[in-house]
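Residue numbers count from 1 along this sequence.
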Amino acid sequence: MFELAIGIILAGCAVGAGLALIAGIGPGIGEGNAVAKACEAIGRQPEAKSDVTSTMILGCAIAETTGLYGFVTGLLLLFVAPKMLVNILVDIIGR
């Protein structure tokens with residue numbers, strides 16, 4: 001029974017980490033669209049290159065944070081949460 005509970009904990013953490021790492025897809029698509037639109041804007045008005053570039057870089061940096069949050073969450077679910085949850089299970093069953 002105890003081994004089954006540990007297996008469920010590990011499987012849940014692995015599935016959660018996989019789902020959290022899917023968050024990296026969104027920023028990639030969003031940043032690609034932002035750069036494409038910035039290139040179009042610079043092509044239409046070359047004199048606005050510095051304004052468009054600085055705004056694009058700021059937007060890409062903000063968009064990248066969502067991917068980083070997903071990456072950190074995935075790492076925590078892979079390496080920190082299983083040990084913590086198994087220790088909690090051992091404490092509960094050990095009582």
Side-chain angles (χ1 to χ4, degrees):
M1 180 69 176
F2 184 66
E3 292 82 16
L4 178 64
I6 291 176
I8 291 172
I9 289 172
L10 295 176
C13 288
V15 168
L19 291 174
L21 292 177
I22 290 176
I25 294 172
I29 294 171
E31 290 173 21
N33 287 338
V35 171
K37 296 297 180 181
C39 288
E40 287 179 18
I42 291 170
R44 290 182 185 171
Q45 290 184 338
E47 65 274 2
K49 179 183 177 187
S50 63
D51 292 335
V52 171
T53 303
S54 61
T55 304
M56 179 202 61
I57 290 173
L58 178 65
C60 286
I62 291 171
E64 188 65 30
T65 59
T66 59
L68 291 175
Y69 291 146
F71 180 67
V72 169
T73 302
L75 288 178
L76 289 174
L77 283 171
L78 281 177
F79 298 111
V80 177
K83 182 176 181 184
M84 184 179 68
L85 293 174
V86 168
N87 287 339
I88 291 171
L89 179 68
V90 169
D91 289 343
I92 291 172
I93 293 178
R95 290 183 188 175

State, to 0.1 Å, how close [X] and [Y] come at their nearest heavy-atom pair, and which atoms those are.
X: Gly74; Y: Ala20; result: N-CB, 3.9 Å
X: Ala34; Y: Cys60; result: CB-SG, 4.3 Å
X: Ala5; Y: Leu89; result: CB-CD2, 3.6 Å

Open item on the list: Quick check on the hydrophobic clustering: are Phe2 and Leu10 connected, directly or via other members, by side-chain heavy-atom contacts under 4.5 Å?
Closed with: yes
- [ ] Give the cluster check for Met84 versus Leu77: same hydrophobic cluster or not, with ILVMFWY residues linked at side-chain heavy-atom distances below 4.5 Å.
- [x]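 No, Met84 does not connect to Leu77 through the hydrophobic network.
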For the atom pair [atom1] ([X]) and [atom2] ([Y]), what is the distance rounded to the nearest 0.5 Å?
X: Ile93; Y: Ile88; atom1: CD1; atom2: CD1; result: 12.0 Å
X: Thr73; Y: Leu68; atom1: OG1; atom2: CG; result: 10.5 Å
X: Glu64; Y: Thr66; atom1: CD; atom2: OG1; result: 7.0 Å

Going by the rule side-chain contact (heavy atoms from CB on, under 4.5 Å), which residues pair with [X] if we only count those two or more places apart in sequence or in a different chain?
X: Phe71; value: Leu21, Leu75
X: Ile25; value: Ile22, Ile29
X: Val86; value: Ile6, Ile9, Val90
X: Ile62; value: Leu58

Task: Nonpolar side-chain network containing Leu76, other nodes, edges under 4.5 Å - done: Val72, Val80
Show every donor-acceptor pair shorter than 3.5 Å between a side-chain atom in residues 38-54 and any protein atom, with sequence neighbours excluded, or say none if there are none.
| residue | atom | partner | partner atom | Å |
| --- | --- | --- | --- | --- |
| Thr53 | OG1 | Lys49 | O | 2.7 |
| Ser54 | OG | Ser50 | O | 3.1 |
| Ser54 | OG | Asp51 | O | 3.1 |

